[in-house]
Amino acid sequence: MSYFNKQIAVFILAISTGCVKAELVVESGFVRASLPGMASTAAYMTLKNTGDADLAITGITTSVAAKVSIHSTMNHDGMMHMMDMNSLTVAAHKTVVLESGGMHLMLENTAGMLAADSKVELVLQFANGGKQAVRLPVLGVLADKR
Ligand SMILES: [Cu+2]
């Protein structure tokens, strides 16, 4: 690949990731501080897709947890169960709320305790190849809404 073509490729990549950023607006996000002795905790946020195309989140990574899962919460005969979802789609012009008792992100095998007032960066990966970094505050263990 010539130098010129490489420059074009980098330019196109910058445009496409820039697009994704403009389309998904993340609001009211936070990570719940770790409970003593617990290696996992949850993250909540409101995802607004302001674009014209559906956006599917197919993976999430962070430096503070070995794995981030997308969970839904099911009430089965009065017992709450968390189920793994492979992906989370935010349809064009729609909003998906990740909240306590509903869909949420699960940070598993966290590196030490996540303390209130610290910050956590999550990188959302989309089915279209784009990525978006989200910086969230860590709130106290009883936090329900930001
Ligand atoms: Cu969960």
Does Gly102 offer a backbone N or O that forms a donor-acceptor pair with the side chain of Thr73 under 3.5 Å?
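Yes; at least one donor-acceptor contact below 3.5 Å.
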
Look only at the side chain of Asp54 and the backbone of Ala92, and say whether a donor-acceptor pair between them is shorter than 3.5 Å.
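Confirmed, Asp54 side chain pairs with Ala92 backbone.
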
Tell me, yes or no, whether the heavy-atom count around Met80 atom CE, taken from other residues, nucleotides or ligands under 6.0 Å, exceeds 12.
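Yes.
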
Is atom CG of Asp117 surrounded by more than 12 heavy atoms (other residues, nucleotides or ligands) closer than 6.0 Å?
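Result for CG/Asp117: open.
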
Run the side-chain contact (heavy atoms from CB on, under 4.5 Å) check on Gln125 and Ile57 step by step: do they pass?
CA-CA 6 Å; Gln125 298 167 334; Ile57 298 171; over 6 Å; no

Quick check for you: to the nearest 0.5 Å, what is the distance between [X] atom [atom1] and [Y] atom [atom2]?
{"X": "Met38", "Y": "Arg32", "atom1": "CE", "atom2": "CZ", "answer": "11.0 Å"}
{"X": "Leu124", "Y": "Leu47", "atom1": "CG", "atom2": "CG", "answer": "7.0 Å"}
{"X": "Tyr44", "Y": "Leu139", "atom1": "OH", "atom2": "CG", "answer": "11.0 Å"}
{"X": "Ser40", "Y": "Asn109", "atom1": "OG", "atom2": "CG", "answer": "8.0 Å"}

No-hydrogen, no-angle side-chain donor-acceptor test under 3.5 Å, His81 and Asn75
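No, no side-chain donor-acceptor contact under 3.5 Å.
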
For Ser69 and Glu108, which I'm curious about, is there any donor-acceptor pair between the side chains at under 3.5 Å?
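Side-chain D/A pair, Ser69 to Glu108: present.
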
hydrophobic_cluster_shared for [Y] and [X], side chain cutoff 4.5 Å:
{"X": "Phe30", "Y": "Leu88", "result": "no"}
{"X": "Leu136", "Y": "Met113", "result": "no"}
{"X": "Leu114", "Y": "Met106", "result": "no"}
{"X": "Met79", "Y": "Met82", "result": "no"}

Minimum heavy-atom separation for [X] to [Y], with atom names?
{"X": "Ser28", "Y": "Thr46", "value": "CB-OG1, 4.5 Å"}
{"X": "Ala33", "Y": "Ala116", "value": "CB-N, 3.9 Å"}
{"X": "Ala43", "Y": "Val31", "value": "CB-CG2, 3.9 Å"}
{"X": "Thr89", "Y": "Ala56", "value": "OG1-CB, 3.6 Å"}

Side-chain contact, heavy-atom cut-off 4.5 Å: [X] with [Y]?
{"X": "Lys94", "Y": "Asn49", "result": "no"}
{"X": "Thr61", "Y": "Leu122", "result": "no"}
{"X": "Thr58", "Y": "Phe126", "result": "no"}
{"X": "Glu121", "Y": "Thr62", "result": "no"}
{"X": "Leu24", "Y": "Gln132", "result": "yes"}
{"X": "Glu23", "Y": "Leu55", "result": "yes"}
{"X": "Leu105", "Y": "Met45", "result": "yes"}
{"X": "Thr95", "Y": "Val90", "result": "no"}

So which of Met85, His104, Met83 actually passes side-chain contact (heavy atoms from CB on, under 4.5 Å) with Ile70?
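Running side-chain contact (heavy atoms from CB on, under 4.5 Å) over Met85, His104, Met83 with Ile70 returns exactly one hit, Met85.
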
Pair Lys48-Glu27, side-chain contact (heavy atoms from CB on, under 4.5 Å): steps then yes or no:
CA-CA 8 Å; Lys48 287 185 180 173; Glu27 291 175 352; 3.0 Å; yes

